[in-house]
Amino acid sequence: MTATETAVEAHEDIGESQEAETAVATGDGLYRLIASNDHKDVGRMWIAMSLLFFVALAALGVVNNIERISADPQIWGSISRAFQSWVLFRTGIIFMVVVPMFIGLATVISPLQVGSAAIAFPRLAAASFWGWLFASIVHVVSFLADGGLGPAQTTSQQSTLLTMTSLSFMIIALLGASVSIATTIVALRPTGMTLIEVPAFSWSMLVATSIWLLSLPVLISNMIIAYVDLQGRPFIDLGDPDLLWPRLEWAWSQPQVFAYAIPVLGILADILPVQTKSRQAGRPVLLGLIGVFGVLSFGAWAQSFWSKGADPAFVDGNFIYEELLYILFGLLIFLPAFGAFSGAMDQIRRGSAPKPGGALTGAVMGALILLAATIAGEVRVLAGLLELIGVDPSWSALESDGVLLSSSTGILVLVVASAMASSIGALVHWAPKIFGGFAVEPLAVLGALAIFAGGLAAGLGNLVSAFDGQADDIRFVDEVDGLIGTMNVVSTAGLALMAAGALATIGSVLAAITSKETLSDDPWGGHTLEWAAPSPPPVGNFVEPVGVVRSPEPMLDEIGEVN
Amino acid sequence: MAGQAVTAPPAAELSRNRTLVVGTAFVSAAVIMLFVGLFSVYISIRQNNELKIESLLGGNLWFPEGAVQIAPGTMMMFTTWISVMTISWAVQAFRNDDRRNAYAALTLTMLMGAAVINQMAFAIGDFGLPVDRSTPATLLFTLYGSYIILLGAAIAFVFLMFMRALAGQFNSKNADGIEAAAIFWYATVILYHPIWYLITITK
């Protein structure tokens, strides 16, 4: 029985709840975008806004890095403003760019990959996008109104409260979309498709959304306490403006930061078998490694707030970085990432030579930077490890209170570059399904390479300057000469390159959107169910209901390919 | 076997895709983690404050003497236990196509929820300290306030399913909505227990 064969007559019964929620997409243009809850429309909007925010926030990152080149803030005029901008880059780049991009990709692709006619809870998916967009705009406005996650210039804390509220609502909206995606993958699979047979990208999104659903509510709980505390005299250091950011920073630091890049491994594992025209070998192991990577990136526990003997006033230097579990997570996370990367790359040896293009370049470059980020994470926990085993390091940067611990920006930038380069690969690969046209390959390759090179320069530049003594927090930057100065210039140039890469990606995608070409259902010889749908898929996705699925590569089964 | 009708065995019955139940399970997990975050901060701060208070005063003070009474908190817990029975009764009644019992059980569940909110409002009033006067007060109001919002959401979920049931949905073959509401309700009840222990028992 093939992938497009109707399973059994009972299909009408099992589709009852699904049909009741079948997407609505009527009208044209702007009306369709606003009124639609068709998952393709909603996903496209997530992707478009994420790319636009990426350009803006990469530009903001350039400005912030220019501020690091000199000891005094030249552009923002005050340390307070520079710090606000520094925090906005962090909150924005994760919750307005990276996570929304993956949510957008999964909103379009995951229902297709599991052979579903619609996403689960389509109205929730649409409401999540609009709620996120509104909260994101309010979030930016709150910073312009002297808010942020630190001491405001004015005595009023109202803008800080607005920053926390908008950030919380952004996360709630992202979690709403996550519920929609995870439920689709778990509950709307066709008959015969077990969880281990779910395509790698959807599997990685199931892992990622599960980790986000379990970790990000803890960040919201931190902000709830801080919000209540800020209403009166702050009693708890969560509500103390000076300590607010250090207490919330775990969500942008190791290991949690890796949770935002889990789908990078899934994208690679979906694209390479298609490119090499071979079935993925050792597939259950590969999916298991992605799962282990997800577990090791769960970082809600890794807060200095809860570390052993932590002082609420944060004055005794009790760092989570010295805890054994933190060190273990930091050391181990490279292994599943490397294993999954190797397993996917092994397809090049097993199958045909892949066609060099935007999909392959983006997916491989993204995974490579993720490996670089996990290696940087390993180096970062060395200080704690040496402290733990009682070795006195000869290099001052490896002292446990040393600046090596202040290297979270470098890892964050590497993770962002990894996610965005990988997303370019995904956008090119699935462009026929997402946009109904082909992306411009040379522009996409250029974009992926620019983000790869820029990300490496910006991330490693930040890491080297941190190792050499520059504080991570822009409020405490005082050393700007020598190697640190050079590295600050390198990382600034890297961020500018990333912004250019984002623009190239937008150009590449615009061509796909405006394409009038008629595409076949499966232009690449894809293996998974999304390639059984027309390009672009209509409302309802599949011309015929998807039947019984017998393997992880139902499209290969259909053509009798047994390689 | 001439003349004997040959019929193929019936197709295997396929399971329904239980999107609402699965989605609710994900949401419940997220809500539980939100409260785990709140509890962890509460325990961490209390531990550190008690260490300080002990070293300064030689005593162990958290809430002022008499501020937290054991009766309202424990009554709330008993009420939540009763509500677990009523929501389970509702699920079972739908499975038996017994709509009259199901409506009664859902109504009682919502009433129990409203009673807990009422008791919690009483406990907050009885506490006697403004929200912004001390660390314990800030944390108590945060925990109780968050829980009231959660319970309100759970009641709204049950109410929505009640309305859908009145409109004719749900039966012995498909009680997904009621089961989903029950899962969320169970999560809500489970989350009250740490609050009861942290505030009512350890004071």
Side-chain angles (χ1 to χ4, degrees), chain A residues 7-11 13-18 21 116 120-121 124 172 175-176 178-180 182-184 186-189 191 209-210 212-222 224-225 227-239 247 300-301 303 305-307 309-313, chain B residues 8 10-49 51-52 129-147 149 164 169 173-174 176-177 180:
Chain A
V8 284
E9 290 178 3
H11 198 89
D13 298 331
I14 66 167
E16 185 187 340
S17 61
Q18 191 176 325
E21 291 189 293
S116 171
F121 314 123
L124 173 67
I172 289 169
L175 294 183
S178 297
V179 167
S180 204
T183 305
T184 303
V186 171
L188 295 184
R189 281 172 288 125
T191 307
T209 49
S210 301
W212 299 342
L213 281 163
L214 294 176
S215 58
L216 294 179
V218 180
L219 179 63
I220 297 175
S221 77
N222 286 173
I224 290 173
I225 294 177
Y227 188 97
V228 177
D229 202 22
L230 264 173
Q231 295 289 346
R233 181 175 69 84
F235 289 101
I236 309 162
D237 56 355
L238 270 171
R247 288 309 189 203
W301 59 272
Q303 303 183 40
F305 201 88
W306 302 335
S307 64
D311 189 301
Chain B
E13 191 172 336
L14 299 178
S15 58
R16 283 175 291 110
N17 42 44
R18 309 183 64 180
T19 50
L20 195 52
V21 172
V22 173
T24 305
F26 278 116
V27 172
S28 301
V31 167
I32 287 173
M33 286 308 293
L34 188 144
F35 275 81
V36 166
L38 291 177
F39 298 148
S40 305
V41 171
Y42 182 93
I43 293 166
S44 171
I45 291 173
R46 177 165 178 167
Q47 190 182 23
N48 286 308
N49 273 267
L51 288 174
K52 278 186 173 177
L129 275 180
V131 62
D132 57 352
R133 287 292 181 272
S134 69
T135 302
T138 302
L139 290 172
L140 180 138
F141 281 103
T142 307
L143 277 184
Y144 272 5
S146 304
Y147 191 77
I149 292 170
R164 288 174 66 171
Q169 292 188 29
K173 286 186 177 175
N174 181 3
D176 283 4

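So that the names make sense, note that chain A is the first sequence line, chain B the second, and so on, each numbered from 1.
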What part of L175(A) is in contact with chain B, defined as an atom under 4.5 angstrom from a non-hydrogen atom: side chain, backbone, both or neither? neither

For T24(B), is it the side chain, the backbone, both, or neither that has a heavy atom closer than 4.5 Å to a heavy atom of chain A? neither

Most contact-rich option vs chain A, by heavy-atom pairs under 4.5 angstrom, among L38(B), V31(B), V21(B), is L38(B)

L143(B), part contacting chain A, at a heavy-atom distance under 4.5 Å: neither

pair T209(A)-F26(B): side-chain heavy atoms closer than 4.5 Å: no

Rounded to the nearest 0.5 Å, how far does CD1 of I224(A) lie from CG of L34(B)? 4.5 Å

Heavy-atom side-chain proximity of V218(A) to V36(B) below 4.5 angstrom: no

Is the shortest heavy-atom distance from the side chain of V41(B) to the side chain of S221(A) under 4.5 Å? no

Nearest-0.5 Å distance that lies between atom CG in N222(A) and atom OG in S40(B): 9.0 Å

Do you know which two heavy atoms are closest between G23(B) and T183(A), and how far apart they sit? CA-OG1, 3.3 Å

Supply the atom-to-atom distance L214(A) CG to I32(B) CD1, rounded to the nearest 0.5 angstrom. 9.5 Å

